[in-house]
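This is a predicted model, so every value here is computed, not measured. So you know, we letter chains A, B, ... as the sequences are listed, proteins then strands, and number each from 1.
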There are 2 protein chains.
Amino acid sequence: MERPVARSSPAAGDPAAERRPRGRPRKTLHDRDDGNRRQEVLRAAARLFRRKGFHATSTRDIAAAAGMRSGSPFYHFKSKGALLYAVMEEGMRSAILRQQAALADAPAVPQERLRLLVRNHFDILLGPGSDFIPVMLYESRSITARQRTLLAQLQGDYEAPWLPVLDGLHAAGRLRADVKLARLLIFGALNWSAQWYDRRKGASLDELTGAALQLFIGDCP
Amino acid sequence: MERPVARSSPAAGDPAAERRPRGRPRKTLHDRDDGNRRQEVLRAAARLFRRKGFHATSTRDIAAAAGMRSGSPFYHFKSKGALLYAVMEEGMRSAILRQQAALADAPAVPQERLRLLVRNHFDILLGPGSDFIPVMLYESRSITARQRTLLAQLQGDYEAPWLPVLDGLHAAGRLRADVKLARLLIFGALNWSAQWYDRRKGASLDELTGAALQLFIGDCP
DNA sequence: CCTACCGATCGGTAGG
DNA sequence: CCTACCGATCGGTAGG
């Protein structure tokens, strides 16, 4: 949808390309049009949007980070805004898949399911390659209302498995607060970690998960 | 420091000012140079920075919101960045004062002190005129390292009263998690509310406070 | 605080 | 995907 229906034929056979004097650096001689360029643009954008913010990042920054010229990102995405949305959507789809995988072999006891959900959430937010979801969390002002609606559906899918778990803990008396508010407060506690967590120092994700579980559902009895 | 040492004399006596044909709207005939214009710029900036973000807000937007021409904000602030920092610093100084006032007649029991701190935090974050602190929380990427250092000191002052309270709750067994991590998670849960709370619907700040207290220190026994 | 203005940067596009 | 380019906008300033 962001990509033209038909692409021009590959540059192969273009004599100028073979004689190119000092081309920009390429990883290999044959990686052009290998279909990964779009992903590279997406990854570069996620990284820069997270570090500097959407409006502080120029499409030229993104192009340079992906080893392209300034106009080339627009071959893959029809606008800067479409690129931002693509980062967010990709982040959500990946998060949902990873969450489903994490729950696949989970026990039914809500306390352990919550631990898996929290641990997975931290991993999505703070683990390697974790730029996409923070961008979604912190740049939502910059997308259109329609895009926000579409994302809200994916977020609903992501939150769906949390609700029965929290309800179960509430029913068991381990979560005293109103479940609706508790959910919002819990996501806040987790999401905010993207602002302060430093992978190279401090607690591990397991320690973080343990602290969160203790904070939310204690171990009083 | 952001304002020139000496100001030119007031416009009084300037004949052109008296003959001004159709001036931009003024609230009164005598409010020029009344010293409030700087505050109006600051408030307009806080409002716009919060709603649209720092980089998505132009100094022209701010000028218009304050009823000025495009160049005039620079009479009060030497740059857009200085204006952003002024919003953040003003927000922190105000928050510290309000917190001190809230604690002035507080009981010594940690549970009730935490309730006061949380309730006051929500008020600072979500109450009327609450644009300054959200800007500080969500636009910190856009200030310089030196400014971040200065703000960190004010944030330290703000967090200072929380630490003995959390330590007390930990010692009493009401807060099981590591205190350092608990503090970060708690502030996350509270600060994230700026993203979803809607004053016109949903819970009141008292209900929010109650839910937060239940979530963090339960009421198990 | 306004007027008039400047240089720089930016998103985006035509054509190949 | 590059080259060459455009119109718009932006932060900021001189001078009054």
In plain terms, say whether D61(B) and K52(B) are close enough for a salt bridge, that is, a side-chain N and a carboxylate O under 4.0 Å apart. yes
Report the secondary structure of DNA chain C in dot-bracket form, marking unpaired bases with a dot and bases paired to a different strand with |, and treating Watson-Crick or G-U pairs with both distances under 3.5 Å as paired. ||||||||||||||||
Kindly list each side-chain donor-acceptor pair under 3.5 angstrom involving residues 93-100 of chain A, sequence neighbours excluded, with atom names and distances?
from   : atom 1 : to      : atom 2 : distance (Å)
R93(A) : NE     : E89(A)  : OE2    : 3.0
R93(A) : NH2    : E89(A)  : OE2    : 2.7
R98(A) : NH2    : D123(A) : OD2    : 3.0
Q99(A) : OE1    : W162(A) : NE1    : 2.9
Q99(A) : NE2    : Y158(A) : O      : 2.7

Treating R38(B) as the side-chain partner and Y75(B) as the backbone partner, does any N or O pair qualify as donor plus acceptor under 3.5 Å? no
Nearest-angstrom distance from the residue atom CZ of R69(A) to P of dT3(D): 4 Å
Can you give one letter per nucleotide of nucleotides 8-15 of chain C, 5' to 3': B if a protein heavy atom sits under 4.0 Å from the base, S if only from the sugar-phosphate, - if neither? --BBBB--
Gap between atoms OH and C1', on Y75(B) and dT3(C) respectively (whole Å): 17 Å
Does the distance from a Lys or Arg side-chain N to an Asp or Glu carboxylate O, for R200(B) and D198(B), drop under 4.0 Å? yes
Considering all heavy atoms, the nearest F49(A)-E139(A) contact: O-OE2, 3.9 Å
At their closest point, which heavy atom of G81(B) faces which heavy atom of Q147(B), and how far apart are they? O-NE2, 4.1 Å
If we ignore hydrogens and angles and just use 3.5 Å, is the side chain of T209(B) paired with the main-chain N or O of V118(B) as donor and acceptor? no
Whether E40(A) and R37(A) form a salt bridge (side-chain N of Lys/Arg under 4.0 Å from carboxylate O of Asp/Glu) is what I want to check. yes
